[in-house]
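Structure, as structure tokens:
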Amino acid sequence: MRNRLFVAEHRGGLLSTEDHRSLMKWALLCTEHLGEYHEFPQEAVISSALEIGHRWSEGNAKTGEAMKASREVHVFARTVGDKPTQFYCRAVAQAVATAHMADHCLGPVWYGKKLLVLLNMDADKELSWQLERLADLNPYLLPRVQQELLRKL
């Protein structure tokens, strides 16, 4: 069963529109930060999805548009042979899918961890960085995310 803390109020959950948008901003920030660890291709499908995610986080894109972009990145990820790039694509797709279901914001954390383990880098340090950014962005959401991460990681 989904955690109601990650379900939008208009769907019967406890997540306000403002908090939902904060989770998208955080997911995008986490995803974009992964680019510091590896050089990823600058494919149009990826940059377009990130741009749609940013517009959605500001209230300037529809959820359906974000869902479509997320699916397109997942499809693209299946064509990529490089594992780090696959993980990055999955992080992008999950971040943008946050528009549809807020708990997808955890995807960049999950795929970021997989990426850093694959690259023999410090995944725990990255998680600390990610959680600090969430605390900066919206401290109210931090305990929710930490609780959900404990359940899923």
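Keep in mind that what you see is a predicted model, and the values were worked out from it rather than measured.
Looking at every heavy atom in both residues, L34 comes nearest to P108 through CD1-O, 4.3 Å. Contact between V96 and A49 at its shortest, heavy atoms only, is CG2-O, 3.3 Å. A pairwise comparison of heavy atoms in I46 and P41 identifies CD1-O, 4.1 Å as the closest pair. Contact detail for C89 and V73: the closest heavy-atom pair is O-CG1, 3.2 Å.
Checked by atom type and distance alone, the side chain of R55 never pairs as donor or acceptor with a backbone atom of A61 at under 3.5 Å. In this structure a side-chain-to-backbone donor-acceptor pair under 3.5 Å is present from S47 to A44. Between the S70 side chain and the A66 main chain, no donor and acceptor come within less than 3.5 Å of each other.
For E39, there are no salt bridge (charged side-chain N to carboxylate O under 4.0 Å, His left out) partners at least two apart in sequence or on another chain. Applying the salt bridge (charged side-chain N to carboxylate O under 4.0 Å, His left out) criterion to R71, with sequence neighbours excluded, gives no partner residue. Every residue two or more places apart in sequence or in another chain that forms a salt bridge (charged side-chain N to carboxylate O under 4.0 Å, His left out) with K25 is listed here: E58. K83 meets the salt bridge (charged side-chain N to carboxylate O under 4.0 Å, His left out) test with no other residue; sequence neighbours excluded.
Contact check on E72 versus K68 returns a salt bridge, with a Lys/Arg side-chain nitrogen under 4.0 Å from an Asp/Glu carboxylate oxygen.
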Next on the checklist: Run the side-chain hydrogen bond (donor to acceptor under 3.5 Å, both in side chains) test on H33 and Q130 for me, step by step, so that the C-alpha distance in whole Å, both residues' side-chain angles and the decisive distance to 0.1 Å come before the verdict.
Outcome noted: CA-CA 9 Å; H33 187 251; Q130 293 166 338; over 6 Å; no

Item to check | Chi angles and distances behind the salt bridge (charged side-chain N to carboxylate O under 4.0 Å, His left out) call for E148, R144 | outcome: CA-CA 6 Å; E148 197 66 8; R144 290 184 189 189; over 6 Å; no

Next on the checklist: side chain to side chain contact (heavy atoms under 4.5 Å, CB included) for M24 and L28? Distances and angles first, verdict last.
Outcome noted: CA-CA 6 Å; M24 172 69 91; L28 293 167; 3.9 Å; yes

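The line from NE2 of H74 to CD of Q86 is 12.0 Å long, rounded to the nearest 0.5 Å. If you take NZ on K62 and CD1 on I52, they are separated by 13.5 Å, rounding to the nearest 0.5 Å. Rounding to the nearest 0.5 Å gives a distance of 10.0 Å between SG of C105 and CD of Q94. Note: Q146 CD to L127 CG = 8.5 Å, rounded to the nearest 0.5 Å. Taken to the nearest 0.5 Å, the CG atom of L116 stands 10.0 Å off from the CG atom of D124. If you take CZ on R133 and SG on C30, they are separated by 9.0 Å, rounding to the nearest 0.5 Å.
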Check residues 12-23 and write down every donor-acceptor pair under 3.5 Å in which the side-chain atom is one partner and the other belongs to a residue at least two apart or another chain.
unit_1	atom_1	unit_2	atom_2	d
S16	OG	D19	N	3.1
S16	OG	D19	OD2	3.3
D19	OD1	N138	ND2	2.9
H20	NE2	T98	O	2.6
R21	NH1	W56	O	2.4
S22	OG	E18	O	3.2
S22	OG	N138	ND2	3.4

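Side-chain polar atoms of Y37 and E126 form a donor-acceptor pair below 3.5 angstrom.
Following chains of ILVMFWY side-chain contacts shorter than 4.5 Å, one can reach Y140 starting from L134, so the two form part of one hydrophobic cluster. V75 and V92 are members of different hydrophobic clusters when ILVMFWY side chains are connected at heavy-atom separations under 4.5 Å. Hydrophobic clustering, with ILVMFWY side chains joined whenever heavy atoms are under 4.5 angstrom apart, keeps V145 apart from V7. Under the 4.5 Å side-chain heavy-atom criterion for ILVMFWY residues, no single connected hydrophobic cluster contains both F76 and M67. Residues L29 and L106 fall into different hydrophobic clusters, defined by Ile, Leu, Val, Met, Phe, Trp and Tyr side chains chained together at heavy-atom separations under 4.5 Å.
For residues 86-106, the set of pairs meeting the ring-ring contact (aromatic ring centres under 6.0 Å, His included) definition, not counting sequence neighbours, comprises F40-Y88.
Side-chain contact between W26 and V109 is present, with heavy atoms from C-beta onward closer than 4.5 Å.
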